[in-house]
Structures are given as structure tokens and as C-alpha cells.
Amino acid sequence: MPRSPRPLALVTGASSGIGASLARELARDGHDLILSARRVAPMQALAGELKASGASSTIIRADLSQPGAAAALVQEIAAKGLVVDVLINAAGLGANGRFDATDPVRVSEMLQVNVLALTELTRLLLPGMIGRRKGQIMLLASTAAFQPGPQMAVYCASKAYVLSFGEAIAYELKGSGVSVTTLCPGATETEFAAVARLENSALFKGGMVPVMSADEVARIGYQALKSRRPVAITGLRNTIMAVSSKLSPTPLTLRIANWMMTAGK
Ligand SMILES: NC(=O)c1ccc[n+]([C@@H]2O[C@H](COP(=O)([O-])OP(=O)(O)OC[C@H]3O[C@@H](n4cnc5c(N)ncnc54)[C@H](OP(=O)(O)O)[C@@H]3O)[C@@H](O)[C@H]2O)c1
């Protein structure tokens, strides 16, 4: 199949929130899209919208919480004769509450989607990009990556993994033509808070740091991807929070994180 002159971006988590907004940024900037998530209807609506920017979209349904789903997604892309130039790993989910009370199925879903599928997709698509000496990868971490988070222990640990993994491979890939950008948003207005049952937390009430829109986060993230920055934190206040978390004594950051994720319930 002849390659389209437009570069092709695979966006996971494209049915909602930051993933959908990043797909809009990519389409506006001349990319065609592969949109992937479990819910097809919102991706069909998005694909229709992206046509206005001249982008053609391929929708591939995938449940990344299932072992082997990342490999199956990559196989389906190859079977369609498509070559991925840009990989956006945006699919992810959280869960609020004490670890011992968290649904064990939700715990493995978080690890599977946030950690394993993201790592596997990156591993599977990276060699082709290196071979072509051209490619851009984005990993969605979070400001949650900068400190342990009581009441969101697994989520914060999963995002700490993403940040550590992203920074390490970005370094390994210097000079390869392939860049890795780890995007660390703070609280963002998407379906995330409802899925994680965090709507009533101080974090999402925006008291300390305002809740950003998904479009704003995507705009900042896309600029960082284009300038091949290894790490981008969204906004000055989130940057100050992330840096102070790293510099403060752990007992203090634990108390603050615990308050932010439980207060107001
Ligand atoms: N919102 C925030 O405050 C915030 C802050 C920092 C970082 N983040 C990160 O940003 C990323 C995007 O989240 P968002 O805020 O845009 O939340 P969102 O609106 O809930 O979007 C999450 C996306 O992930 C997809 N997803 C969830 N489970 C999946 C599964 N099993 N298989 C395939 N796709 C799955 C969802 O699609 P389906 O449900 O259709 O499968 C959806 O498209 C996540 O990695 C999140 O951790 C969010």
C-alpha cells in the first residue's frame, strides 16, 4: 500500500480527554491518525471532526487491560499496511481509596494499561522508528509521578514508573532520530476524575492548583513533543508543586498528597 504523504500518529486513549485533544492537535498539524480505545462511538465522532483538518483516521478498538492487547494492536496496524511515525500513549486510569479496599480487578487494570501496555507498545513500535531514524513518542505520566500518593498508591506508583521509564529511554535514544516526551499534567478536566472517583477531592476542586482543560494540556504537550523535550509539566503552578514535592521531606509530601486526594469527601 503506498504511504500517505502525511505522517501517521497512533493515539491510545483517543475516545476521551487528553488523548482526544492531542489527536486534534496532531490533525491540525498535518497528521493522519490511528485512534484507539474501547469505546468506538466517540472515536467515530472525533474522526468525523478531524476530517475538517484534512486528516484521515483509522479506528482500532482495543482493550489494553487485556494481556496481549498491545501486541494485537500493533499486528492489526501492520496488517493494514500502516506505519506509525508518532506514538501517543495516553490511555490510562486511576482509582481513589485505600489500597486494601481497592478492587483487585481495578488494580490489575491500572497496572496493565498504565504500565504494561504503554511499555509494550513503545517496545514494539520503537525499532521501526529507529530503523527509519525518525519518530516521536509521548508517554502520559502525571504530576502524581513526583511523590508517593496515599489514597492513590497504585496510580501514583504507575506514573512514577512512566516518568522513570520515559526519561531513561529518552536518554538512550539521543542521536537516534527518535524522541521521547513524558508529559506530566496536573488535575485536568476529563473523564478521569469520575472514573477514579476523585471528583470531590481537594485536588479536583482546584483549591491549590487550578484544574486545566484537556485542550490546554494537549497544547502544552504537543509543543513539547514537537520540540522533542524529554519531560514537560503542564503550567507554572504544577511545575512548582512537582519540584517542591521532590525537594520536600517525604513525610510532608505524604501528608499533603493524602490531604489532596481525600479532603472534601
Ligand atoms: N485528568 C487528569 O487529571 C490527569 C492528570 C494527569 C495525568 N493524566 C493521564 O492522562 C491520560 C489520559 O487521561 P484523561 O485525563 O484524558 O482521562 P479520560 O478522559 O478518562 O481518558 C482516558 C482514556 O483512556 C482510555 N482507556 C481507559 N481504559 C482503557 C482500556 N482498558 N483499554 C484501552 N483504553 C483505555 C479511555 O478509553 P475507553 O474508556 O473508551 O477505553 C480514554 O480514552 C491518562 O494516562 C491519565 O492517567 C490525567
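Whatever order the structure lists them in is the order used to number ligands and atoms, beginning at 1.
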Option nearest [atom] (shortest heavy-atom distance, choices [options]):
atom: atom 22 (C) of ligand 1; options: Ser16, Gly17, Gly221, Gly92; answer: Gly92
atom: atom 9 (C) of ligand 1; options: Phe192, Phe204, Tyr155; answer: Tyr155
atom: atom 32 (N) of ligand 1; options: Leu198, Leu64, Leu93; answer: Leu64
atom: atom 34 (N) of ligand 1; options: Ala91, Ala214, Ser15, Ala193; answer: Ala91
atom: atom 10 (O) of ligand 1; options: Leu183, Ile88, Leu140; answer: Leu140

[X] side-chain N/O to [Y] backbone N/O, donor-acceptor pair under 3.5 Å:
X: Asn96; Y: Gln151; result: yes
X: Ser176; Y: Val178; result: yes
X: Arg6; Y: Ser56; result: no
X: Gln147; Y: Ser245; result: no
X: Arg38; Y: Ser15; result: no
X: Thr181; Y: Arg229; result: yes

When you measure from [atom] to every protein heavy atom, which one gives the shortest distance, and what is it?
atom: atom 31 (N) of ligand 1; result: Asp63 OD1, 2.9 Å
atom: atom 15 (O) of ligand 1; result: Thr190 OG1, 2.6 Å
atom: atom 5 (C) of ligand 1; result: Gly186 O, 3.2 Å
atom: atom 27 (C) of ligand 1; result: Arg38 NH2, 3.6 Å
atom: atom 3 (O) of ligand 1; result: Thr188 N, 2.8 Å

Looking at [X], which atoms of ligand 1 are within less than 4.0 Å of one of its heavy atoms?
X: Ser65; result: 31 (N)
X: Arg39; result: 37 (O), 38 (P), 39 (O), 40 (O)
X: Ala14; result: 43 (O)
X: Pro185; result: 5 (C), 6 (C), 7 (C)
X: Ala187; result: 3 (O)

Going from [atom1] on [X] to [atom2] on [Y], what distance comes out if it is rounded to the nearest 0.5 angstrom?
X: Met212; Y: Glu189; atom1: CE; atom2: CD; value: 12.0 Å
X: Glu109; Y: Asp103; atom1: CD; atom2: CG; value: 8.0 Å
X: Ser142; Y: Phe192; atom1: OG; atom2: CZ; value: 6.5 Å
X: Ile18; Y: Thr190; atom1: CD1; atom2: OG1; value: 5.5 Å
X: Asn114; Y: Leu140; atom1: CG; atom2: CG; value: 10.0 Å

For ligand 1, indicate whether the residue [X] contacts it via side chain, backbone, both or neither (heavy-atom separation under 4.0 Å).
X: Ala62; value: backbone
X: Ala90; value: backbone
X: Glu189; value: neither
X: Ser36; value: neither
X: Val113; value: side chain
X: Ala141; value: backbone

Heavy-atom contact under 4.0 Å between [X] and ligand 1?
X: Gln66; value: no
X: Gly94; value: no
X: Ala194; value: no

Open item on the list: Would you call the rings of His31 and Tyr222 parallel, tilted or perpendicular, taking 30° and 60° as the class edges?
Closed with: perpendicular

Quick check: [X] and ligand 1, any N/O pair under 3.5 Å apart?
X: Gly13; value: yes
X: Val195; value: no
X: Ile18; value: yes
X: Thr143; value: no
X: Ser142; value: no

TODO: Tell me, yes or no, whether the heavy-atom count around Arg28 atom CZ, taken from other residues, nucleotides or ligands under 6.0 Å, exceeds 12.
DONE: yes

- [ ] Kindly check if the number of other-residue, nucleotide or ligand heavy atoms within 6.0 Å of CZ (Arg39) is above 12?
- [x] yes

Task: Leu125-Ile34 co-clustered via ILVMFWY side chain contacts under 4.5 Å - done: yes

Task: Heavy-atom side-chain contact between Leu93 and Tyr155 under 4.5 Å - done: no

- [ ] I would like to know whether Glu216 and Arg219 meet salt bridge (Lys or Arg N to Asp or Glu O under 4.0 Å); could you show each step before the answer?
- [x] CA-CA 5 Å; Glu216 208 178 346; Arg219 226 173 6 252; 5.4 Å; no

